[in-house]
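The structure appears right after this line, and notes come after that.
Numbers restart at 1 for each chain; the letters A, B, ... are given by sequence-line order, proteins then strands. Not measured: the values here are computed from a predicted model.
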Amino acid sequence: MSVKYREHKGLNLPSVAKEVLEKWKLENTFEESVSTRDENKPFVFFEGPPSANGMPGIHHVMGRAIKDIFCRYKTLKGYRVERKAGWDTHGLPVELSVEKELGITKEDIGTKITIEEYNAACKKTVMRYTDVWNKLTEEMGYWVDMSDPYVTYENKYIESVWWLLKEIYNKDLMYKGYTIQPYSPKAGTGLSSHEINQPGCYQDVTDTTVVAQFKAKKNDVLPENTYFLAWTTTPWTLPSNTALCVGPKIEYVLVKTFNQYTGDAVNLVLARPLIGKQLSGKYAVADEELTMEGFSLGDKKIPYTLEKEFIGSDLVGITYEQLLPYTLPHENPEKAFQVISGNFVTTEDGTGIVHIAPTFGQDDAQVAKDFGVPPMLVLDENENPVPLINLQGKFRPEMDEFAGLYVKNEYYNDGEAPDKSVDVLIAIKLKEENKAFKVEKYVHSYPHCWRTDKPILYYPLDSWFIKITENKGRMAELNKTINWKPKSTGEGRFGNWLEGANDWNLSRSRFWGIPIPIWRTEDRTEQICIGSAEELKNECQKAIDAGLMDENPLAGFEVGNMDKANYETFDFHKNYVDAIILVSPSGKPMTREADLIDVWFDSGSMPIAQRHYPFENKELVDEKGFGQADFIAEGVDQTRGWFYTLHAIASMVFDRTAYKNVISNGLVLDKNGVKMSKRIGNAVEPFENLSTYGADATRWYMITNAQPWDNLKFDLDGITEVQRKFFGTLYNTYGFFSLYANVDEFSYSEEEIPLNNRPEIDRWVTSKLNSLIKDVGEAFESYEPTKAGRLIQGFVTDQMSNWYVRLCRRRFWRGDYSEDKIAAYQTLYTCLETVAVLSSPIAPFYSDQLFNDLNKVSKRYSEKSVHLTTFPTIDENAIDIDLEERMSIAQKVCSMVLSLRKKENIKVRQPLQKIMVPVLDQNFARRIEAVKDLILSEVNVKELELLEDTTGVLVKKIKPNFKTIGKKYGKHMKAIIAITNQWSQDNIIAVDKNKGWTGEIEGDSIALETEDFEISTDDIPGWLVATEGNYTVALDETISPALKNEGIAREFVNRIQNLRKESGLEVTDRIELQIKSDDKINLAINDNLNYICSETLANSLDLVEEVKGEKLVFEVEEGVSTELTLSKV
RNA sequence: AGUCCCUUAGCUCAGUUGGUUAGAGCGCUACACUGAUAAUGUAGAGGUCCGCAGUUCAAAUCUGCGAGGGACUACCA
């Protein structure tokens, strides 16, 4: 007894997944799928490290399915695809969750709790959900090596990160500079944007605001004695003003009037739309009564006149006198105090001219930098550039009468604040000096420190930067070599981002992360960047020799020993390295720069850090290309995250891209298109989903429903549909195959029957199959998984199941085990097997079961899993486009005939005599002749007649071919349509005969050829006709007595088959039949006796007067009933 | 505010280099078929291809300006 194909009781995808998963574990399938591939043919994949301190969501299933698909596909193509898992372990979210758990704040770190304890807590927290992640990874069928992941907090990883940073440092691409950051002088700390966005931070406050008058220096555009008006809500920043900013397209006016505080005649510049706002109250347009000449200070009304107009760009470059000249910027003072322009300027409030203090505003700093205007920085006692306000929030000594005052009264201790704030004092001074146009109180919203409840300042804080700007061009150039999916993300979003990229601020004032490995002397004249444990150990030794340290923290570390244990003898985190004091070449002590490295640098370092390069795996990275991924995939939100940092680091350090192909996938939304969130409660729980529908259906749905880069509206009904339509059909097809293959004991042991000896339909489906292999391969190659999935699905449901199997059913269960039958088995087997392999990247579980169900019997493959096989090769000879075309004609014609039957209410079971198809050309005649038998049996008609139009009975239709005519005579298109529409049958026949038409239209001579027309048959008078596109079919609906009887016989067969099934007979059981005799049916039965018997496997059929036993009574046609009974032989 | 994506039937989506009757599946209605039955066929209903303007003989498709939805980044004198 040979092995049988496994027969399943029903399709349960979750349990298939479970079973297959067990098998994979038992057989180490994943490991084998890597190890059996050629070591010299690697496909490099980088896993973006998730943060394990949060639970995974359904969108992770999406992202990981995409990664998995291409890794599996490339494995099928013979590549060795190593996939190392990784964990992102540092960063603010971890710290915040720890602070919350411990009930502490950032300030308590180092006081209430040591940094060491704090970091230990972070380390513990961060890997909290690894088990859950591992479980998801396994259940969704994502193959990635979780046994040896890279972890960003491990010393080896950090050492590689330091090495990278030092490379950048050595290329002189790092500097310490400042950015304007929210700063709380009372707390003495910078605030992250995250902290500023906490509720309650923005509070309404009343501030003294000033519209200041900046006196223009002599220029060609403006008259003398002209002032620019600029409004500020922070007068304390006015001494730090170094520029004024106008909107380049905004209209400005020159106004002649008087200052309300001094009475001086002045010319003012402001934006036209804001005249009404600024020149309000006392101000009024001058007229006959209110003259410019008659004004004196104290008058109720102040006259003004409009003198001139400009647009912003006219004003750019004009210089002005410094408003409050206490000091000058230490750098490029000659470039200060000029008008510049920026697109952020609006005319919603103020004057349309913005006061720029680059030391106290983010926009200000940026626009000033763009125009080369220096910030108001002065040199302090140590020759270091500092702003006019110190870290306590007080004015520096340069500010004369203001020196030592807090810029905001809120910073004084209770009861110590002076009556007049700095803002008020400055306002008074400006009024007296004819420099204030207007002083007002103003209520607005201003951010406050959430710890001290005092207003914050935007303040320049020192940070370490990487000079991205210097490298921008090269980064953009390299970006062009990356294959982005979709293209627009790479060219648009990413490309633009690169173009506008600023220097990368590396510094983070946190605790849990990789420390910046730079040590500096106190006077900032000497510094060192550490690039390895070895270097640090040596530097420590020097410091010990110089007497700065007592013992070497890396004493236990053995240089060159890459053992894990050796790398655990020390710790690179802040709590350890901050204690290290190094010695400078001149013998001065150097302390570590306090900040940590931005966590994005951690993950961007992973291409080499995951392999501890260059300390280990040097050959792998340098020679085998493991430092550069062939493929990565993450969410589109990583464009400026991981995608960027990978690219930046790789281009700076190695002058190459970090990845060659990248898919940025969209979001997973709920079925209404709303972002999933736990708060709204519309998040889909991934585990529940996987256990309900199975990973295969979920993955297939996600991939085929929308392109990965479009957002996915996640709808459970969609998964059900996939389950039923795709997997259900595939399962049914296998079920059909196995049922009969087991009966016939087909095990693919016969010689492969040459394609030429197989019937048309076999060659057709084989051709389709090979086209499918080709198209699916191309889709995977170009990173289009959606296309691949849809192609496979289309083949399975439309071609293989609904056409091939439907038309071939009887070949499987009728007759002997002949060559035709074997051909059918071989053909269907090959289709199923190939589909299993093609779909395995997307549906890894079911495809593996299908593959094994087939292979266990045939033993065609020695591999135990579909994932260990290779992608099918295309048999180009099997692809026959003409054949595919022929079959598509057959499908079309069948559908038309069935539609005609439907219209006339003639059952398909009732045979008809004839259909006629007009042939338009010989090619068509040949094609339809080839598929004639298929059509006839499918639509149950006896003959097909090709109708050559010799008689002229066919009514023809002519349609111009717009595509070809358009190219030649586009202009006359409308006229040509008008003419052809009017053509009679004779005209059309003439065009056909003459192979074209020539004539004159609108004065031009026109020559049209055969290809410029489509002639089709419209109607055959006197027949039942269906027309679709170019095809026309006529059906002879006459039912002769013989046909009628045959119909009745078929009716019997149908009933008997149903009865067989109901009686629980095996498909191979033989039967005996008794039918109640009736004049109306006897002839029908006797005429078709052989047919009925052979169809129903009946040994005998008796017409009897009385049917005994359990009998079926049914109506053959209206008014004619009979009884039948069947018994197993 | 900038950048990018999306908008086609009730729903989910196709729609090639512009070509004149815009398609599929699901859902709905009706009728069939069935030795694959958690299938299948046929027919019907269902469209301002988001809007406006432009280019063109011809626009769902190309260009511009808008609208709505989404994402990212940044800021407000």
Side-chain angles (χ1 to χ4, degrees), chain A residues 10-11 193 209 230-234 237 245 343-346 348-357 361-364 366 444-445 486 488-489 491-497 500 635-641 666-667 669 671 673-675 704-707 709-713 715 717-718 720-721 723-725 728-729 731-737 739-740 786 790 793-794 797-798 801-802 805-806 809-810 812-813 894-895 898-903 905 907-909 959-967 969-977 1029 1054 1057-1058 1060-1061 1065 1067 1095-1097:
Chain A
L11 179 61
S193 60
T209 68
W231 180 57
T232 181
T233 55
T234 52
T237 62
C245 191
N343 287 320
F344 61 89
V345 178
T346 66
E348 269 160 37
D349 46 24
T351 63
I353 302 175
V354 179
H355 140 65
I356 298 294
Q362 295 183 345
D363 264 354
D364 303 36
Q366 190 54 51
H444 66 146
S445 162
S488 60
T489 299
E491 284 176 358
R493 189 188 281 227
F494 196 68
N496 293 339
W497 169 252
V636 68
D637 51 330
Q638 294 297 333
T639 310
R640 277 129 192 201
L667 303 174
L669 310 170
K671 68 174 185 179
V674 180
K675 196 178 180 180
T704 55
N705 187 64
Q707 304 269 29
W709 34 90
D710 289 338
N711 291 341
L712 174 70
K713 288 183 193 164
D715 186 359
D717 290 344
T720 323
E721 190 182 322
Q723 208 174 16
R724 228 184 37 233
K725 248 191 112 54
T729 307
Y731 163 82
N732 276 336
T733 308
Y734 169 78
F736 172 85
F737 167 82
L739 178 65
Y740 295 108
T786 309
R790 285 176 179 170
Q793 186 162 333
T797 58
D798 299 344
S801 170
N802 288 340
V805 173
R806 193 153 59 89
R809 270 178 306 203
R810 41 201 300 124
F812 290 89
W813 51 267
C894 286
S895 146
L898 291 172
S899 147
L900 281 173
R901 277 179 170 274
K902 157 80 188 152
K903 257 182 210 147
N905 248 328
K907 285 184 179 180
V908 179
R909 230 181 260 137
K959 210 176 90 181
N961 182 345
F962 294 96
K963 220 168 186 169
T964 58
I965 300 178
K967 277 181 193 141
Y969 304 110
K971 270 190 258 173
H972 303 300
M973 206 63 179
K974 277 184 181 151
I976 293 171
I977 296 168
N1054 170 243
Q1057 301 289 33
N1058 286 343
R1060 279 185 63 117
K1061 202 172 162 193
L1065 296 184
V1067 289
E1095 285 293 305
T1096 61
L1097 301 183

With heavy-atom distances below 4.5 Å as the criterion, would you say the side chains of T209(A) and T232(A) are in contact?
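A side-chain contact is absent here, since even the closest heavy-atom pair is not under 4.5 Å.
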
Do the side chain of S801(A) and the base of rA36(B) come within less than 3.5 angstrom through a donor-acceptor pair of N or O atoms?
yes

Any-strand Watson-Crick or G-U partner of [N], both distances under 3.5 Å:
N	result
rA71(B)	rU3(B)
rG41(B)	rC31(B)
rA60(B)	none
rU17(B)	none
rG51(B)	rC65(B)
rG25(B)	rC11(B)
rC76(B)	none

Of the listed nucleotides ([options]), which one gets closest to any side-chain atom of [X]?
X	options	answer
W231(A)	rU42(B), rA77(B), rA36(B)	rA77(B)
L898(A)	rU12(B), rA14(B), rU42(B)	rU42(B)
N705(A)	rA14(B), rU12(B), rA36(B)	rU12(B)
T232(A)	rA36(B), rA77(B), rC13(B)	rA77(B)
T233(A)	rA39(B), rC26(B), rA77(B)	rA77(B)
R724(A)	rC13(B), rU40(B), rG27(B)	rG27(B)

Whole angstrom is fine here: how far is it from [atom1] in [X] over to [atom2] in [N]?
X	N	atom1	atom2	value
F736(A)	rA36(B)	CZ	C1'	6 Å
R806(A)	rG41(B)	CZ	C1'	7 Å
D798(A)	rG23(B)	CG	C1'	13 Å
R810(A)	rA36(B)	CZ	P	12 Å

Is R809(A) reaching over with its side chain to a backbone N or O of F736(A), donor-acceptor style, under 3.5 angstrom?
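Looks like no, no N/O pair under 3.5 Å.
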
Strictly distance-based, threshold 3.5 Å: is any side-chain N or O of R806(A) a donor or acceptor partner for the main-chain N or O of N802(A)?
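Such a contact is found between R806(A) side chain and N802(A) backbone.
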
Closest contact, heavy atoms only, [X] versus [Y]:
X	Y	result
T704(A)	R790(A)	O-NE, 2.9 Å
S801(A)	T733(A)	CB-OG1, 3.8 Å
A357(A)	D364(A)	N-OD2, 2.9 Å

For Q707(A) and for Y731(A), locate the closest nucleotide of RNA chain B by heavy-atom distance; then report the residue assigned to the nucleotide nearer the 5' terminus.
Q707(A)

Nearest heavy atom decides the nucleotide; on that basis, is Y740(A) or T704(A) closer to the 5' end of RNA chain B?
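Result of the comparison: T704(A).
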
At under 4.0 Å between heavy atoms, what does A357(A) touch on the DNA or RNA strands: base, sugar-phosphate, or nothing?
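Result for A357(A) = nothing.
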
What contact category does T733(A) fall into here, base, sugar-phosphate, or nothing, at under 4.0 angstrom with non-hydrogen atoms?
base

Closer than 4.0 Å, any side-chain N/O of N802(A) to the OP1 or OP2 of rU40(B)?
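It does not, given that no N or O in the side chain of N802(A) lies less than 4.0 Å from OP1 or OP2 of rU40(B).
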
Compare side-chain N and O positions of K725(A) against OP1 and OP2 of rA38(B) and report whether any pair is under 4.0 Å apart.
no

